[in-house]
Amino acid sequence: MKTLNSTTVSKLQLRNIRNGFKFKTHFSFSNNSFLYSAKNGRTLTLTLSFSSNKTVFSKLKTSENQSKIKGNKKSLQAPTTTNIEAPEPGGAPPATGGGSDGGTVKQPPPPAAAAESKKVGSWKLKGLPKKVLAVLSNLPLAIAEMFAIAALMALGTFVPQGETPDFYFQKYPEDNPVLGFFSWRWILTLGFDHMFSSPIFLGTLSLLGASLMACTYTTQIPTVKVAKRWSFLHSAEAIRKQEYSDALPRASIQDLGVILMGAGYEVFLKGPSLYAFKGLAGRFAPIGVHLALLLIMAGGTLSATGSFRGSVTVPQGLNFVIGDVLGPSGFLSTPSESFNTEVHVNRFYMDYYNSGEVQQFHSDLSLFDLNGKEIMRKTISVNNPLRYGGITIYQTDWSLSALQIMKDDEGPFNLALAPLQINGDKKLYGTFLPVGNADSTNLKGISMLARDMQSIVLYDQEGKFAGVRRPDSKLPIDIDGIRIVVLDAIGSTGLELKTDPGVPIVYAGFGALMLTTCISFLSHTQIWALQDGTTVVIGGKTNRAKGELSDDMNFLLDQVPEIVDSKQSDIVSG
């Protein structure tokens, strides 16, 4: 047993409390002494004795049960012993302790089993998002999603879109399925007749978007945060382990910093340590690429589910209302005020090659509001559409609707033209001018055929060729005693109308994708240096252009000035 003073005891208490020892403190009042002894290798017994009866406050805190063990104020009338035990590290708190009456002091009961299970369940719920993020950010899963989307898009180009069910019944019958199993039932059940707004396509697209966001959150953003930190290395051995390392025997780390700053590096000094980097934008580029892809997918989804489309063939001189032509393409389609606009076809005409083939066709269109006021006028052609209020009107097709003629100086009369053959650009239209009694059962007349608006071929009542006339030539032709003048061939313009709110988003996404892809080629280079006496140890690494790092570093280090002491300087000058 060893006698200690009060200062020694206090230090001993603090040290051993941190080490996890048990303490037993005995208070008695027979004499003034401080005694210390060890028990069981892990229990310290401290006995303090006092000469008179006094009120004593005892307070002992442990690292595991500070809130439960507080100082108890006791009035001591007789010699009293108080035992306070700190739990073993990692062990359970003590259940009993000696009181002033020698009885047992009950400790608070442990938490209920239900509370423990609640904590476990709460921990599982907290860990669930991390597990989901880990699964979504898996690279093979993202690649599989991209392949699935590509396959669905290819199928969408193979299967005609937006046709009536009867079309698919005939083209993909069940008795003769494509590849032995693919029939109309697959198309209509899975929504492949409107592939790009079908649930399976949009679901796969949403899953890919979730994977991109998860990858950005779990991988790219933490990488940027790490890259932005000033990570000094204070060990020459750690610096020499970098991808590139070298040493300058007589150099100053400040001079190296100046050279690096001149080369475009961000330089930081901390005592004898240096950290420099450049090309941090290259670390942000993957995040920008992901955001650009998300913009493209969001714009494509909005186009597929929030657009309106329609087509119409309108004869020259007639009108139509935009809202009567457009139809929604998805559940997000919302009409606008522009749908009440009326379109009037002022004129339709065509340009021709020297060979007589159609070169271009034009439509002179006027737009009117509800009050009949013209708000816009433009002549459109192929690849030169009209845009108004989010609506785009394209010139896509043409046809002939009527022939305007004079008969025996009477008229003019409009004869409707009917399509006889439509095969791409090879079109043929025909009309019939009755001759004689219209109520006769054996009605005869003059036939007229037109392939375009340049010339009209006429046949007599017997079907024999009678001649060719050009519209607007005002040159008459006599057939079976009837004088005919072809005044004009009235054409019809084929227009396609659509609204596509996703186009600006898609364009912005592709622009951002091109920009961030170029930025991603920038190398993020990091350099560490340490002043070790008169020697500067340098190390560096880069994420791209690793083969060029050595050449770049050698070029920079060659510019660092060498430190020469005064004796060598005198020798050189002498």
Undergrad: Between atom CE of Met153 and atom CD1 of Ile149, what is the distance when rounded to the nearest 0.5 Å?
TA: 8.5 Å

Undergrad: Might you point out which heavy atoms bring Gly310 and Leu326 nearest each other, and give the distance in Å?
TA: N-CD2, 3.8 Å

Undergrad: Taking side chain to side chain contact (heavy atoms under 4.5 Å, CB included) as the test, write out the residues that go with Glu337, two or more places apart.
TA: none

Undergrad: Could you tell me the separation between the CZ atom of Phe232 and the CH2 atom of Trp528, rounded to the nearest 0.5 Å?
TA: 11.5 Å

Undergrad: Determine whether Ile393 and Pro385 make a side-chain contact, defined as any pair of heavy atoms from C-beta on separated by less than 4.5 Å.
TA: no

Undergrad: How about His290 and Thr216: does a side-chain donor come under 3.5 Å of a side-chain acceptor?
TA: yes

Undergrad: Is the backbone N or O of Phe308 less than 3.5 Å from a side-chain atom of Thr499, with the two atoms forming a donor-acceptor pair by type?
TA: yes

Undergrad: Less than 4.5 Å apart, side chain to side chain, heavy atoms only: is that true for Asp552 and Phe555?
TA: no

Undergrad: Please determine whether salt bridge (charged side-chain N to carboxylate O under 4.0 Å, His left out) holds for the pair Glu266 and Lys278, giving the CA-CA distance in whole Å, both sets of side-chain angles, and the decisive distance to 0.1 Å.
TA: CA-CA 6 Å; Glu266 297 285 340; Lys278 73 173 182 178; over 6 Å; no

Undergrad: Using modelled atom types and a 3.5 Å cut-off, is there a donor and acceptor pairing between side-chain atoms of Asn138 and backbone atoms of Leu141?
TA: yes

Undergrad: Keeping the roles fixed (side chain from Asp369, backbone from Lys373), state whether a donor-acceptor pair exists under 3.5 Å.
TA: yes

Undergrad: Test salt bridge (charged side-chain N to carboxylate O under 4.0 Å, His left out) on Asp246 and Arg240 and set out the steps.
TA: CA-CA 7 Å; Asp246 200 350; Arg240 290 190 178 97; over 6 Å; no

Undergrad: At what distance, to the nearest 0.5 angstrom, does CH2 of Trp398 lie from CG of Asp452?
TA: 6.0 Å

Undergrad: Taking Tyr265 for its side chain and Val258 for its backbone only, find out whether a donor-acceptor pair lies under 3.5 Å.
TA: no

Undergrad: Step by step, would you call Val289 with Leu293 a side chain to side chain contact (heavy atoms under 4.5 Å, CB included)?
TA: CA-CA 6 Å; Val289 170; Leu293 291 175; 4.3 Å; yes

Undergrad: Can you find a heavy atom in the side chain of Tyr388 that is under 4.5 Å from one in the side chain of Thr341?
TA: yes

Undergrad: Side chains of Gln395 and Thr493: do they bring a donor and an acceptor to under 3.5 Å?
TA: yes

Undergrad: Can you name the nearest heavy-atom pair linking Pro501 to Ser307, along with the distance?
TA: CD-OG, 3.9 Å

Undergrad: Is there a side-chain contact between Met376 and Leu365 (heavy atoms, below 4.5 Å)?
TA: no

Undergrad: Answer yes or no: is there a donor N or O on one side and an acceptor on the other, between the side chain of Thr305 and the main chain of Leu332, under 3.5 Å?
TA: no

Undergrad: Return the minimal non-hydrogen interatomic distance between Gly491 and Ser401, and the atom names on each side.
TA: O-OG, 4.0 Å

Undergrad: Closest heavy-atom contact between Ala251 and Val536?
TA: O-CG2, 3.4 Å

Undergrad: Would you say Phe268 has more than 12 foreign heavy atoms packed within less than 6.0 Å of its CZ?
TA: yes

Undergrad: Please determine whether the number of non-hydrogen atoms from other residues, nucleotides or ligands lying under 6.0 Å from atom OH of Tyr352 exceeds 12.
TA: yes

Undergrad: Return yes if a side-chain donor-acceptor contact under 3.5 Å exists between Gln526 and Tyr275, otherwise no.
TA: yes

Undergrad: Begin from the C-alpha positions of Trp184 and Phe167 and carry the test ring pair (Phe, Tyr, Trp, His ring centres under 6.0 Å) through to its verdict.
TA: CA-CA 9 Å; Trp184 63 264; Phe167 173 84; over 10 Å; no

Undergrad: For Asn383, I'd like to know if atom CG has over 12 heavy atoms of other residues, nucleotides or ligands within 6.0 Å.
TA: no

Undergrad: May I ask you to check whether Glu496 and Thr396 show a side-chain donor-acceptor distance below 3.5 Å?
TA: no

Undergrad: His234 and Ser273: side-chain donor and acceptor closer than 3.5 Å?
TA: yes

Undergrad: Is the count of non-hydrogen atoms from other residues, nucleotides or ligands lying under 6.0 Å from Gln454 atom CD greater than 12?
TA: yes

Undergrad: To the nearest 0.5 Å, tell me how far Phe284 CZ sits from Leu291 CG.
TA: 12.0 Å

Undergrad: Please tell me whether Tyr244 and Asn554 have a donor and an acceptor in their side chains that are separated by less than 3.5 angstrom.
TA: yes

Undergrad: I'd like to know if the side chain of Asn543 reaches the main chain of His524, judged simply by a donor and an acceptor atom lying under 3.5 Å from each other, with no hydrogens or angles considered.
TA: yes

Undergrad: Nearest 0.5 Å please: distance from the CD atom of Glu145 over to the CG atom of Leu212.
TA: 8.0 Å

Undergrad: Going through the distances and angles, do Leu260 and Leu556 end up as a side chain to side chain contact (heavy atoms under 4.5 Å, CB included)?
TA: CA-CA 7 Å; Leu260 292 176; Leu556 293 175; 3.8 Å; yes

Undergrad: With a 3.5 Å distance limit and no angle check, can you tell me whether Gln161 reaches the backbone of Phe192 through a side-chain donor-acceptor pair?
TA: yes

Undergrad: Just how far is it from atom CG of Leu256 to atom CG of Leu557, taken to the nearest 0.5 Å?
TA: 6.5 Å

Undergrad: Identify the residue among Lys541, Lys546, Arg544 that makes a salt bridge (Lys or Arg N to Asp or Glu O under 4.0 Å) with Glu243.
TA: Lys546

Undergrad: Work out which heavy atom in Leu522 is nearest to a heavy atom in Ala281; give both atom names and the distance.
TA: CD1-CB, 4.4 Å

Undergrad: Is Trp186 reaching over with its side chain to a backbone N or O of Phe181, donor-acceptor style, under 3.5 angstrom?
TA: yes

Undergrad: Closest approach of Ala450 and Leu400, non-hydrogen atoms and distance?
TA: CB-CD1, 3.8 Å

Undergrad: Return yes if some donor-acceptor pair links the side-chain N/O of Gln359 with the main-chain N/O of Met350 below 3.5 Å, else return no.
TA: no

Undergrad: For the pair Ser245 (side chain) and Gln242 (backbone), establish whether a donor and an acceptor sit closer than 3.5 Å, ignoring hydrogens and angles.
TA: no

Undergrad: Does the side chain of Ile519 reach to within under 4.5 Å of the side chain of Phe521, using non-hydrogen atoms?
TA: no

Undergrad: Between Ile221 and Ile287, does a side chain to side chain contact (heavy atoms under 4.5 Å, CB included) hold up when you go through it step by step?
TA: CA-CA 7 Å; Ile221 293 179; Ile287 299 177; 4.0 Å; yes

Undergrad: Flag the pair Ile187 / Tyr172 as yes when at least one side-chain heavy-atom distance between them is below 4.5 Å, and no otherwise.
TA: yes

Undergrad: Using side chain to side chain contact (heavy atoms under 4.5 Å, CB included), reason through Ile259 and Asp255 one step at a time and then give a plain yes or no.
TA: CA-CA 6 Å; Ile259 298 299; Asp255 294 337; 5.6 Å; no

Undergrad: Under 6.0 Å from the OH atom of Tyr217, do we count more than 12 heavy atoms belonging to anything else shown?
TA: no

Undergrad: Could you check if a side-chain atom of Leu205 sits within less than 4.5 angstrom of a side-chain atom of Thr301, using non-hydrogen atoms only?
TA: yes

Undergrad: Are any non-hydrogen side-chain atoms of Leu190 and Met195 less than 4.5 angstrom apart?
TA: no

Undergrad: Check the side chains of Glu237 and Ser235 for a donor-acceptor pair under 3.5 angstrom, ignoring hydrogens and angles.
TA: no

